[in-house]
Structures are given as C-alpha cells and as structure tokens.
**Q** 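The structure that follows is given in the form of structure tokens.
Sequential numbering from 1 along the given sequence is applied to the chain's residues. These values consider heavy atoms only, across backbone and side chains, with no hydrogens, waters or symmetry-generated copies. Since the model is a prediction, treat every value here as computed from it, not as a measurement.
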Amino acid sequence: MKRSASLWLVFLMVLGLVPAAKFASALYGTKVIDGNLGDWGTLDLIGQAKDNGLAGANLDKLYVAWDDQYLYIAIKTNNTQSWSIAYGIGIDVDPGSGNGYTGSSSPSDAWGRRIGFGNGYAIDYEIYFWWDWSNGMSADNFITWTGSGWDYKSLADVGANFAYTGDTSTGLQVLEIRIPWSALGGKPNKLALITWAAGGDESSAVSSVPWDTTLESLDPPFASWYGGDEWGDSDYFTGLVEVQIAPKTIDGDLSDWASYELVAKDNLGYGVDGGNLSRLYVSYDDQYLYLALKANNSANWDMAYGIGIDVDPGTGNGYTSPTDAWGRSISFGSGYAIDYELYTWWDSSQAKPTVDGQENVAFLPWTGNGWEYKKVGDVGGSFGWTGDSSVGLKTLEIKIPWNAIGGRTNKIAIIVWVTGGSGSAVDALPESSAVTDNANEWSDSDTFSNLLLIDIPIPKPELTVSLSSNVLDVEQWQPANITIKVNNIGEVDAQNVTVHLYDGNDLLKSWVVNLSAHAEVNLTYLYTYSEAWGVHTLKAVVDPNNEIDEANEDNNVATLDIIVGQIAERQNRFIRFGMYVWPKIYPAKYAETKEMVENVSSMGLPSKYEDTIKGFELKLNESLELFNEGKSLIYKPHYELRGAMKMFSAYSRLLRLQREIKDFLESLEFKKKIDGSLSDWNETSLVAQNKAGAGAGAYLDALYVDYDDEYIYIALSTKNTESWRIAYGFAFDYKDGGYTGDTDAWGRKIGFTRGVDAEIYLYWNGPFFGEPGTNTITSAEFAIWNGTGWSYLPLFKNASVKYIGGENGLQTLEMAIPWELFGEKPEKIYIVAWITGANAGDSAVTTIPDDPSVHDSDNEWGDADVISTFAEVYIE
C-alpha cells in the first residue's frame with residue numbers, strides 16, 4: 001500500500017539521509033533484477049548447499065526477499081564448467097496443508113524429473129530454467145499445479161522477470177527472479193521453497209538448496225554420482241525452508257520466526273542456571289527492527305537482560321567503556337561502539353521483565369557523553385515475552401522503529417547479554433570468552449569484541465550506461481551521432497548524476513542529470529572526423545567518482561569502438577601502393593599473363609574457341625594500356641588517387657584474366673594435360689615402341705594413343721640427340737576407302753596398303769647444310785582425303801598441340817585432336833607415324849610401329865615407301 005504524500009514527507013524528515021524506496025512496505029527489501037547480488041543482505045540468505053563435486057551442477061546459496069508487490073529469489077552456484085542442466089524451484093504457498101503436488105506414488109514433476117515432496121510439503125508452483133552447455137539460458141517456465149496436472153506459462157506471461165550471469169565456459173553463476181504476488185495467488189503469511197539442479201528428461205536432482213538428505217540416499221562418496229546413480233534415482237524433498245512473510249507478532253511466541261533469522265545460538269554451554277541464553281534472532285522490515293532472544297534457564301533468578309546495538313559499526317562513534325547504561329562493567333572493543341542499549345530486569349518475585357518495578361523494557365540512546373533513559377514504548381516500539389516463576393524468562397521479543405535509532409541503516413552490529421544486579425555479564429550471544437575469563441564472573445569487567453554483524457540492504461539507485469552510434473566509421477563527410485543511454489534500474493531516485501564521455505583518455509564532454517527510479521535519459525554527442533586515423537575506443541562513465549551509493553558499482557562503464565578515417569587511410573595507402581608497389585609487381589605479372597595468353601593461342605584449339613582467345617588477347621592489351629595511364633597520373637597533384645585506381649584496376653584485370661584462362665583450360669576437360677610432358681601417360685596407352693632409328697636427329701621412340709568422347713590424344717617421344725630439318729607425319733585409317741597412292745599430303749613418296757583417311761604433318765626447322773634453323777616446329781597441317789585429293793587445315797588452329805625440343809631436336813609431342821576434324825568418332829582406328837625429309841619427294845626413314853619399307857633401300861631418304869604396319873586402336 002502506498003503512503004499519502006503528507007505522511008511520506010514526514011517519514012522522509014524522520015529518516016534524514018536514508019533514501020526513499022518506491023514501495024511503501026518493503027519487508028526484506030526490493031531487489032534490482034540484474035544478476036548481481038550486491039543488494040542482497042545477511043538475512044536474505046536462507047539456505048546453503050553442500051559441495052557435490054559436480055563442476056557443472058553445483059548449487060551454492062539461496063536468497064529470498066519480498067516487498068508488497070513481488071517475491072524475489074536469487075540462486076548462486078559454484079559451477080566451474082558449463083553443462084546442460086535444468087534448474088528448478090518448488091514453492092509451497094500453504095505449507096502443512098497438504099494441498100499441491102507431492103508425487104507420492106511415482107514422482108514426475110512439471111518437467112518430468114523424478115522429484116517429489118514429503119514431510120507435509122506439497123508444491124503449488126514450479127519454476128524451471130534450462131541451461132544449455134553451448135548456448136546458455138534457453139528456456140524458462142512458470143508452472144502452476146491445477147490439482148490434477150500442470151499449467152505451463154513463461155515467467156513473462158505472469159508478469160515475472162529474471163536476470164542471470166554466466167557463460168558457456170563456466171555455466172550459470174547467479175540467477176535472480178522477481179515474481180508478482182498475484183502470480184502466486186496473493187501474498188501468503190508463509191511459504192516454503194527449495195531449489196535444485198537436475199539433468200535431462202526423467203533425471204533426478206543432484207544438488208539442492210537447502211541441502212536435502214535425499215541427495216545422500218546413495219552410498220558415498222559423492223564422486224560416484226558421475227556413474228549416473230544420483231542422476232537417475234527418485235528424490236523426495238523433505239527439508240524445504242519456510243519463509244515467514246507476515247510481519248512479526250510481538251507476543252513472545254517465536255513460532256513466526258524463520259530458521260534463517262536465527263543469527264546466534266549457544267553452542268558452548270556458557271551461562272548460569274538463572275541466566276542462560278540460548279538463541280538470538282534478528283529481522284526487519286522497512287519500518288521496524290525486530291529482535292528476539294530465547295533463554296534456556298533452569299531457575300528463576302533476578303537477572304538483567306541487555307542488548308547493545310551499534311548502528312554504524314567501524315566508525316567508533318558511541319559508547320565503549322567503562323560502565324554501560326545500567327552501570328554494568330561492560331565495555332566494547334575491536335571498533336564496536338554502542339549507540340543504543342535495551343535493558344530489562346527479570347523480577348523473580350513478579351516473574352516478569354520490569355523497569356522501575358513495572359513490566360517494561362528500557363530504551364537507552366547514547367548521547368555522546370552519557371545515556372538518555374526511555375522506555376521502548378516511548379519511541380513507538382513494543383515488546384512481548386514468555387516466562388514463569390519456575391525457570392524465569394523464556395523468550396523476549398522487541399520491535400523498534402527505525403526512526404528511533406536514526407533511520408534504517410545498511411549495517412548493524414548486535415549483542416545480547418545477561419547480568420546480575422551489578423557487575424558484569426555471565427552469558428552472551430554471540431558467544432564470547434569474556435564471560436568465562438574470571439573465577440568471579442559476576443563482578444569482573446567484560447569487554448565484548450565479537451558482535452554479530454548484519455548487512456541490511458537499503459534500496460538504492462542502480463545506474464547503468466550503454467553506448468551506441470548510427471555509424472561506426474567516421475569520415476570527413478560522415479560524423480557519428482553517439483548516444484549515451486543512462487538508466488536507473490533501482491528503486492530510489494538519483495540526483496546530480498555525472499556522466500563523462502571519453503575518447504581514449506581524453507574527456508570529450510560531461511553532463512549532470514537527474515534520474516528517477518526506473519527512468520532513463522539519452523545523451524547525444526556529435527563525433528566528427530579528425531586526422532587521428534585508426535580505432536578509437538569511446539568510453540562512457542556514469543558517476544565516475546562513485547559519489548552515489550548504488551546497489552551495483554560494476555556496471556557504470558560502457559565502451560564502443562569507432563574507426564576514424566578508414567577510407568582516407570585506405571586511400572593514402574592505396575596511393576603509396578600505386579607509387580611504390582604496383583610499378584614493381586605489375587611488369588612481372590604482365591609477363592606471366594602474356595605467356596599464358598600466348599600458350600593458349602598456340603594450343604591450336606578448334607575454331608569455336610577463336611573468339612575466346614581473341615578476348616584474352618584484348619583484355620591483356622587493355623590492362624597494359626590502363627596501367628600506363630595510371631603511371632602517367634600517379635605523380636600529378638590531385639590525380640594521385642585516380643592514377644592509383646587505374647594501376648590497381650590494371651593489376652586486378654591481370655589476376656582476373658589469369659583466373660579466366662585457368663577456368664577456360666579446365667572447361668576443355670582434356671583427359672590428358674597437353675603440356676609436352678608425358679608424365680601422365682603410361683603403358684596402358686602405349687601402342688608402339690621402336691628399338692632403332694634413322695640417325696641422331698631421326699629416332700622415334702614410342703607412340704601413345706588415348707581418347708574420350710571429344711578428343712583423340714596422341715603422344716610421341718623420340719631419342720633424338722641432334723636437331724635435323726625434317727618432317728613428322730601421322731596417318732589415320734578409320735573408315736572405308738582412303739588414300740593409298742604414291743605421293744601423300746605433303747608430296748612425300750609414301751603410300752599405304754590400307755586406305756588412309758587423314759594425315760598430320762609437322763615441320764621441324766632444324767639446321768640444314770649450314771643454315772641454322774629455329775629448332776622449333778614452324779608449320780603443321782591436318783589433311784583430310786576427300787576421295788580425289790587433300791583438304792588442309794592448320795593444325796595449331798584446330799587442335800591442341802604442345803611439344804618439347806630444341807638443339808637436340810624434338811623430344812616429345814602431345815596432341816589433343818577433336819573427333820570433329822575426322823568427321824566422326826569411329827569404333828576403331830589404325831595409326832602410324834614416321835619421319836621424312838624436309839622436302840617434297842623425300843620418303844620415310846623410320847616409322848612407328850616399325851615397317852619393313854624403311855629398311856629395304858640404301859637410300860631411304862629418297863626411295864619410295866609403301867607402309868603396311870599400323871597400330872590398331874579400338875574406340876569404345
């Protein structure tokens with residue numbers, strides 16, 4: 001329920017510097033849901049797990065808080081690895097009633113895990129999250145038990161939200177959840193809850209907070225869990241933690257105090273029969289501090305019970321020694337100084353706590369040089385107790401308005417003791433050796449140094465900052481519009497918030513803004529071009545001097561990388577390349593590309609490729625022309641960039657042209673690589689081999705033939721050791737009819753016993769009677785017999801031809817000849833090759849396969865030969 005404006009102003013005046021929360025009745029405090037535990041306090045911690053040794057499923061702590069509108073839950077883990085894990089929370093809003101899911105017969109909860117509940121607990125709501133080891137948080141569910149099944153919604157569907165920290169390296173670390181009371185059927189007086197970690201479908205829990213003994217139902221050690229036992233058994237949780245939601249009833253009955261509000265207890269058995277302290281409890285809401293103590297007396301004695309409160313521990317402000325507000329010899333050390341004492345006298349005759357003979361509790365503020373004497377009721381507080389004339393005081397409850405002790409503080413130190421009518425303490429909580437260090441403990445002096453220190457989170461501002469820009473690359477014509485978004489996600493307004501924007505270490509601009517709770521402000525800055533080229537890291541810092549006390553101080557900085565002058569820098573580098581790099585590398589690349597073009601041109605490819613080859617030549621020339629234009633501009637003022645671009649374009653064209661040529665050659669799909677090397681030929685395609693030749697410059701060695709659907713491939717090797725001026729001839733018989741006569745396609749006196757349908761001739765221009773020659777093939781023709789004569793085609797223009805040779809004559813020859821030159825792809829072809837002289841009228845001097853006609857005359861260069869030996873090749 002929200003306060004009226006007038007009452008709110010009064011409350012603010014009373015609290016002084018205490019910040020104002022948005023919610024009027026925040027019991028344990030409103031939390032900021034940001035995955036940070038900085039705004040959770042000592043009494044928010046309600047449960048802790050045992051270390052189960054599982055690196056990716058190791059729960060640690062459970063926190064709970066609430067205000068008038070929301071229930072807040074936080075889970076902390078000790079994960080060191082990222083595993084795929086289900087995190088579940090069970091909530092029983094009416095513990096003890098038996099209403100809800102128990103899974104008593106065969107447990108299978110809302111997510112099909114083998115988890116049930118016992119000991120009077122029955123779950124009304126389950127909340128589940130799935131953490132995927134490789135993607136992080138990937139699913140959430142808010143699930144309501146309907147009485148016979150489950151109703152599934154997301155947290156957002158019911159007005160809840162959550163935040164977490166963690167990554168795919170170490171897994172989930174912190175999970176914070178905010179659930180509206182309306183999603184839980186309203187705000188109950190009490191609820192019970194537990195959280196657990198489980199595996200996939202049909203698994204069970206392997207960790208829980210609070211720790212439940214059902215997880216220890218298997219034989220120890222816990223390491224055996226890796227074998228799968230605890231992952232797949234059935235777990236029945238019986239040790240849920242009960243959370244008291246309703247305000248404390250100050251009546252001496254401690255049943256409405258929760259286990260986590262127990263802050264100190266008697267473990268060592270100090271005390272006396274009539275003054276034996278057993279338990280100390282602390283709680284609070286936005287208006288009151290609640291204290292409760294329990295005694296374990298076995299006799300009814302006159303005793304004084306005292307409580308010391310230090311509202312600013314560590315400052316040294318307050319009472320320290322030598323005699324306290326009721327004249328007891330009680331002092332304080334280790335930086336603790338008491339600001340308020342509460343005292344009551346247990347009157348054994350009246351069997352009740354008294355002050356000046358009346359049932360009461362004294363409230364005693366330290367003024368700086370003495371004590372002020374009041375009653376708890378005088379400052380708006382109250383008390384309740386239980387006890388009797390048999391054992392004296394049993395319980396004492398006290399509530400004190402925060403405004404009575406200077407306003408709600410974020411930290412408080414407390415101790416309780418019991419004394420006689422004078423002297424010192426005989427028992428204390430938290431336990432202290434000061435009450436056992438003297439044989440006559442009733443009359444010595446005690447100095448307490450180990451007060452109970454409790455963090456009490458106060459709603460605070462929570463400032464966050466982010467940076468964004470409409471562009472990430474700044475140029476002369478393109479500035480960046482920087483947006484600095486500052487959010488206050490906390491519950492308290494923040495005034496005079498300083499925001500700095502830096503470029504590296506240089507401060508660009510500062511702002512001072514005010515932000516209400518849950519408000520945001522967008523600040524803008526125009527970031528313009530400079531000649532400081534490169535990556536600039538912009539940094540926005542909110543509250544740079546930490547002048548504002550926030551719930552989380554770790555999210556006040558945001559950074560953004562901006563690239564300045566990227567294009568200008570590239571242009572500058574581009575021009576330098578044009579001046580110093582491309583003039584050096586272009587000529588070599590041009591020569592390399594020119595050789596590729598010339599090689600393609602010399603392959604003698606079929607005429608259908610003529611336009612493609614001409615296109616290669618045209619592009620090569622255009623590249624050179626463009627490069628020369630660029631060179632002429634590169635050193636002219638204002639034309640440097642244009643010149644560099646032309647030179648770069650020229651170089652790029654060479655690269656593209658080389659790719660085009662390579663792609664073109666691959667597209668030809670030659671079965672053999674036509675390069676003059678016979679390394680890709682083997683015995684399977686060897687059709688003939690000679691054992692002798694006709695001299696050092698006319699020695700045939702081997703003839704190879706292969707084919708595919710497009711080409712017939714022919715390779716020839718020699719054993720030449722000299723270069724002679726000769727002609728190499730090939731004859732093909734692949735259909736009926738053909739030439740047989742006495743003068744062939746190049747006028748040599750060569751005839752055939754078979755009808756030859758085509759001939760190939762190549763002229764090797766070696767030395768000839770003092771004339772040096774070129775040691776190359778200078779002409780080549782493909783001749784087709786038309787029935788009465790020969791039709792001639794230039795071989796290099798219609799077939800792919802490559803050879804190796806030089807001063808030692810021709811060494812190897814490779815040809816890829818399209819079947820279309822033959823007019824058809826035959827089923828069988830007969831082939832023979834020979835060497836003849838350089839002139840018409842000469843005859844064969846050697847053949848392959850070897851034929852008798854080249855061995856029947858003393859003048860083989862000039863006789864007439866009729867060749868009858870052919871290699872027979874079947875075409876599939």
Side-chain angles (χ1 to χ4, degrees), residues 32-39 136-137 161 163-170 173-174 176 460-576 641:
V32 177
I33 305 302
D34 59 357
N36 179 274
L37 299 179
D39 54 344
M137 195 71 80
N161 66 304
Y164 65 90
T165 60
D167 54 43
T168 55
S169 174
T170 59
Q173 297 297 304
V174 172
E176 285 188 300
K460 300 174 182 179
E462 175 52 35
L463 303 172
T464 67
V465 63
S466 62
L467 266 177
S468 61
S469 175
N470 66 323
V471 298
L472 297 178
D473 50 333
V474 174
E475 304 293 345
Q476 289 175 310
W477 63 90
Q478 182 173 272
N481 294 300
I482 307 297
T483 299
I484 305 99
K485 180 181 290 186
V486 183
N487 276 286
N488 180 5
I489 63 175
E491 304 299 327
V492 178
D493 297 348
Q495 305 296 321
N496 300 319
V497 179
T498 301
V499 183
H500 287 340
L501 179 64
Y502 294 90
D503 182 354
N505 294 321
D506 298 329
L507 180 63
L508 296 179
K509 189 172 181 179
S510 294
W511 297 265
V512 176
V513 297
N514 297 325
L515 287 115
S516 301
H518 301 289
E520 73 175 38
V521 62
N522 290 328
L523 309 172
T524 59
Y525 181 83
L526 185 66
Y527 189 89
T528 56
Y529 169 86
S530 70
E531 292 186 358
W533 299 338
V535 177
H536 290 239
T537 299
L538 304 186
K539 180 173 65 176
V541 184
V542 61
D543 190 27
N545 298 321
N546 289 327
E547 296 171 344
I548 298 172
D549 186 19
E550 300 181 60
N552 180 12
E553 299 286 358
D554 296 331
N555 53 4
N556 288 5
V557 178
T559 60
L560 178 69
D561 285 343
I562 296 286
I563 302 175
V564 176
Q566 181 174 241
I567 295 178
E569 184 178 21
R570 288 176 178 173
Q571 288 180 351
N572 182 271
R573 187 184 303 118
F574 200 66
I575 292 171
R576 292 199 303 272
L641 180 60

**Q** Check whether any side-chain heavy atom of Val486 lies under 4.5 Å from a side-chain heavy atom of Trp511, and answer yes or no.
**A**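 In short, these two side chains do not touch, never coming nearer than 4.5 Å.
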**Q** I'd like to know if the side chain of Asn514 and the backbone of Asn496 have a donor-acceptor N/O pair within less than 3.5 Å.
**A**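 Looks like yes, one N/O pair under 3.5 Å.
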**Q** Main chain of Asn481, side chain of Asn470: is a donor-acceptor contact present, judged purely on distance under 3.5 Å?
**A**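 Looks like yes, one N/O pair under 3.5 Å.
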**Q** Could you check whether any side-chain heavy atom of Thr498 comes within less than 4.5 Å of a side-chain heavy atom of Pro544, counting everything from C-beta outward?
**A**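 Thr498 reaches Pro544 side chain to side chain.
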**Q** Could you tell me whether a side-chain N or O of Asn36 sits under 3.5 Å from a main-chain N or O of Gly38, the two making a donor and an acceptor?
**A**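 Yes, because the side chain of Asn36 sits within donor-acceptor range (under 3.5 Å) of the backbone of Gly38.
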**Q** Report yes if some heavy atom in the side chain of Tyr527 is under 4.5 Å from a heavy atom in the side chain of Asp503; otherwise report no.
**A**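 They are in contact (side-chain heavy atoms under 4.5 Å apart), so the answer is yes.
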**Q** Quick check for you: to the nearest 0.5 Å, what is the distance between Leu508 atom CG and Ile482 atom CD1?
**A**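 Leu508 atom CG to Ile482 atom CD1 measures 9.0 Å (nearest 0.5 Å).
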**Q** How far apart are the closest heavy atoms of Ile548 and Pro461, and which atoms are they?
**A**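 Looking at all heavy atoms of both residues, the shortest contact is CG2-CG, 3.9 Å.
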**Q** Determine whether Thr528 and Val474 make a side-chain contact, defined as any pair of heavy atoms from C-beta on separated by less than 4.5 Å.
**A**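 Result no, sub-4.5 Å side-chain heavy-atom pair not found.
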**Q** What are the two closest non-hydrogen atoms of Glu176 and Asp34, and how far apart are they?
**A**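 The pair with the smallest heavy-atom distance is OE1-N, 2.9 Å.
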**Q** Any side-chain heavy atom of Leu472 sitting closer than 4.5 Å to one from Leu560?
**A**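 Yes, their side chains come closer than 4.5 Å.
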**Q** For Ser466 and Ala558, work out which heavy atoms get closest and say how close.
**A**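 That would be CA-CB, 3.8 Å.
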**Q** Using a 3.5 Å distance criterion without hydrogens, assess whether the side chain of Asn488 forms a donor-acceptor pair with backbone atoms of Glu462.
**A**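 Yes: the side chain of Asn488 pairs with the backbone of Glu462.
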**Q** Hey, what do you get for NZ (Lys509) to OH (Tyr525), rounding to the nearest 0.5 Å?
**A**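 Output value for this atom pair is 8.0 Å.
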**Q** Given 3.5 Å as the limit, does a donor-acceptor pair link the side chain of Gln478 with the main chain of Asp473, or not?
**A**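 Yes: the side chain of Gln478 pairs with the backbone of Asp473.
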**Q** Which pair of non-hydrogen atoms, one from Glu550 and one from Leu463, has the smallest distance, and what is that distance?
**A**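 Residues Glu550 and Leu463, closest heavy atoms: OE1-N, 2.7 Å.
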**Q** What's the shortest heavy-atom distance between Asp493 and Ser516, and which atoms?
**A**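 Shortest heavy-atom contact: OD1-CA, 3.3 Å.
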**Q** Working note: Thr464 + Asn552, criterion side-chain contact (heavy atoms from CB on, under 4.5 Å); need CA distance, chi angles, decisive distance, verdict.
**A** CA-CA 9 Å; Thr464 67; Asn552 180 12; over 6 Å; no
**Q** Could you report the tightest heavy-atom contact between Gly565 and Trp533, atom names first, then the distance?
**A**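 Closest heavy-atom pair between Gly565 and Trp533: CA-CD1, 3.7 Å.
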**Q** Calculate, to the nearest 0.5 Å, the distance between atoms CG and OG1 belonging to Leu523 and Thr483 respectively.
**A**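 Reported to 0.5 Å precision, the distance equals 9.0 Å.
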**Q** How many angstroms lie between atom CG of Asp543 and atom NE2 of His500, to the nearest 0.5 angstrom?
**A**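 NE2 of His500 is found 9.5 Å from CG of Asp543.
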**Q** Please check this pair: side chain of Asn487 against backbone of Ile489, looking for a donor-acceptor N/O pair closer than 3.5 Å.
**A**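 Here the side-chain-to-backbone pair does not exist.
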**Q** Would you say CG of Asn546 has more than 12 non-hydrogen atoms from neighbouring residues, nucleotides or ligands within 6.0 angstrom?
**A**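 Yes, CG of Asn546 has more than 12 neighbouring heavy atoms, counting only those of other groups under 6.0 Å.
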**Q** Nearest 0.5 Å, please: how far is CD1 in Ile484 from CG in Leu538?
**A**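 Going from CG on Leu538 over to CD1 on Ile484, the span is 8.5 Å.
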**Q** Is a donor on one side and an acceptor on the other found under 3.5 Å between the side chain of Asp39 and the backbone of Val32?
**A**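 Yes, because the side chain of Asp39 sits within donor-acceptor range (under 3.5 Å) of the backbone of Val32.
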**Q** Can you find a pair of side-chain heavy atoms, one from Lys460 and one from Glu491, that are under 4.5 Å apart?
**A**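 A side-chain contact is absent here, since even the closest heavy-atom pair is not under 4.5 Å.
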**Q** Using 0.5 Å steps for rounding, measure from the CG atom of Leu507 to the NZ atom of Lys539.
**A**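 The distance works out to 10.5 Å.
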